[in-house]
Each structure stands twice: as C-alpha cells, then as structure tokens.
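Read through the structure below, which is laid out as structure tokens, and then see the notes.
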Amino acid sequence: PTAMTDAISDDFEVGLLVETHSLSRDDLIGKRGFCTAWDEAKGRWGVAIVGDANVLAIRPSNLRAAAVPAPVDADAATDMAYEAARLLSKARKVSSQAASFIAQAEEQLGLAEARDPACAVMLQARGDLAHMRGDHARMATEMQRAVANSRGTRDEKLAQRMGLANALGEGGDLPGEETQL
C-alpha cells in the first residue's frame, strides 16, 4: 500500500461502524458494516455488513465512518438495549424462565440494532449474551465494537475498555487484555 492508503486506513479501526460509497456495484453502496481487519497485502478493510453474514474486502477510499443516528433513534436504541440487559439479568436469576428471557432480550437487541447498530449499550449487551453462552470470541468482537463506536463519557469509555479487556482475557488473549489495560 502507498503512504496515501496507509493514511486513509488509519482513519478506521477494528469494530468501527462504516458505510460504503463510490463502489462499482450499486447494490453495495450505502451498506453499513463493522471493520473486521486490515489486510495489508490487499490494502483493504474487511467489513462485516450489518444484517448479513458476508464480510467484504473494501478499499479505505470507499469507506466512511457511519453517520451518528438522530438523537431519537440513539435514545430509543439505548432504552431497548437496557431492557435487553435487564432481561439477561433476569435470565441468570430465574433459570426456569431463562430461555424466554433470553428470547425477549434478543428481540430487544434486534430492535435496538435497527435503530442504531453502533449503540454501545446494545453492543455490550450482545457481548454479555455471548458470555452467557460461553462464546468468548463473540464477546470480544461485540466489546471491540462498543469501544470503537463509543460516544460516551470518559468513564463510560473506560468501562467499555475494561469489558473488552475481560473478554480478551477470558478468551485467552492475554496480550490483548494487557493492551486494553
């Protein structure tokens, strides 16, 4: 990659919500997704498209940080995510109804994602759900996304980094955990 490509790729980080633009395929223009990894050899970011299982390789010049949602959408997503977190807490306490509470939480998380896919509370709740399922890799992915897209206060960002450190440590990535601390 050229120095220009390196400078552009530095505008993004793993977990950041981005939007595609100026692509040769019209069906991919305006898609939102999360940066997954920088491929130095190809000079492209892997982008996991929201609501799709595909990861696309896209030049940084065809990406921009996704726009922040309208306050009404961001607030609604946060409220839905807190409700999901409350339901996950109930699932831990009332094991006989855990499946029902988890299903309700997943529904709330889906609604929150539709309003604001970068909602840090929603991403943290998804990380918590992955933790409940013993999926440490997914937990780390969701926490990385929460950190990369945080619009919160310094203390909220610090708490998100601590959550990411915990997820990385539980998944066996001790160097990654130390980096976050």
Side-chain angles (χ1 to χ4, degrees), residues 1-82 84 108-127 129-130 137-165 167-168 173 176 179-180:
T2 66
M4 180 63 166
T5 303
D6 288 343
I8 293 171
S9 68
D10 289 344
D11 292 341
F12 307 105
E13 65 180 291
V14 172
L16 183 68
L17 183 67
V18 294
E19 184 177 318
T20 61
H21 67 87
S22 306
L23 296 166
S24 59
R25 286 184 45 192
D26 288 343
D27 62 317
L28 296 178
I29 295 174
K31 295 285 186 182
R32 292 186 299 172
F34 292 96
C35 290
T36 60
W38 172 247
D39 185 330
E40 188 71 32
K42 293 181 181 177
R44 295 171 189 248
W45 275 98
V47 178
I49 301 301
V50 173
D52 191 339
N54 292 325
V55 175
L56 305 175
I58 302 178
R59 290 184 190 103
S61 60
N62 296 112
L63 295 172
R64 62 178 157 242
V68 175
V72 67
D73 289 324
D75 291 346
T78 299
D79 291 345
M80 291 172 198
Y82 275 122
Q108 288 296 308
L109 292 170
L111 294 170
E113 181 181 59
R115 300 291 287 268
D116 180 6
C119 173
V121 177
M122 182 268 301
L123 294 165
Q124 287 176 289
R126 284 195 188 277
L129 179 57
R138 186 79 201 157
M139 178 183 171
T141 296
E142 297 297 347
M143 295 308 296
Q144 180 67 53
R145 289 174 177 180
V147 167
N149 294 285
S150 180
R151 299 185 290 263
T153 66
R154 180 182 178 275
D155 288 343
E156 289 168 332
K157 291 176 183 181
L158 182 58
Q160 290 159 349
R161 285 213 176 273
M162 294 298 292
L164 175 56
L168 293 169
D173 182 357
T179 299
Q180 295 306 313

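What's counted below: heavy atoms across the whole structure, side chains too, no hydrogens, waters or symmetry copies. Computed from a predicted model, the values in this text were never measured in an experiment.
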- line: On a heavy-atom basis, the closest approach of Gly43 and Trp38 is C-CH2, 3.3 Å

query: What's the spacing between Arg126 CZ and Arg138 CZ if we round to 0.5 Å?
result: 7.5 Å

- line: Here the pair of heavy atoms bringing Val50 nearest to Leu17 is CG2-CD1, 4.0 Å

- prompt: To the nearest 0.5 Å, how far apart are CG in Asp116 and CG in Leu111?
  reply: 13.0 Å

- prompt: Would you say the side-chain atoms of Asn62 pair up with the backbone N or O of Thr20, donor to acceptor, closer than 3.5 Å?
  reply: no

- request: Taking the side chain as every heavy atom from C-beta outward, state whether Arg145 and Thr141 have any atom pair closer than 4.5 Å.
  value: yes

task: Any chance you could measure Ile29, atom CD1, to Ser24, atom OG, to the nearest 0.5 Å?
output: 8.0 Å

- request: Please test Glu19 against Arg32 for salt bridge (charged side-chain N to carboxylate O under 4.0 Å, His left out), starting from the C-alpha separation and ending with a verdict.
  value: CA-CA 4 Å; Glu19 184 177 318; Arg32 292 186 299 172; 5.6 Å; no

message: Has Asn54 got a side-chain atom pairing as donor or acceptor with Leu56's backbone, closer than 3.5 angstrom?
response: no

field: Inter-residue atom distance Lys42.NZ - Arg59.CZ, 0.5 Å rounding
entry: 12.0 Å

- line: To the nearest 0.5 Å, atom SG of Cys119 lies from atom CG of Leu109 at 9.5 Å

- prompt: What is the minimum heavy-atom distance between Leu168 and Ala140, and which atoms define it?
  reply: CD2-CB, 3.9 Å

statement: Residues Leu123 and Pro117: closest non-hydrogen pair is CD2-O, 3.9 Å

message: Strictly distance-based, threshold 3.5 Å: is any side-chain N or O of Asp39 a donor or acceptor partner for the main-chain N or O of Gly46?
response: no

statement: Of all heavy-atom pairs linking Ala77 and Arg115, the shortest is CB-CB, 4.0 Å

query: Which atom pair, heavy atoms only, marks the closest approach of Gln144 to Val14?
result: NE2-O, 3.3 Å

query: Of Gln160, Met162, Gln124, which meets side-chain contact (heavy atoms from CB on, under 4.5 Å) against Val147?
result: Gln160

query: Angle class for the Phe12/Trp45 ring planes (parallel below 30°, perpendicular above 60°, tilted otherwise)?
result: perpendicular

- prompt: Does a side-chain heavy-atom distance below 4.5 Å link Ile58 with Leu23?
  reply: yes

- request: Please round to the nearest 0.5 Å and tell me the distance separating atom CD1 of Ile49 and atom CG of Leu28.
  value: 7.0 Å

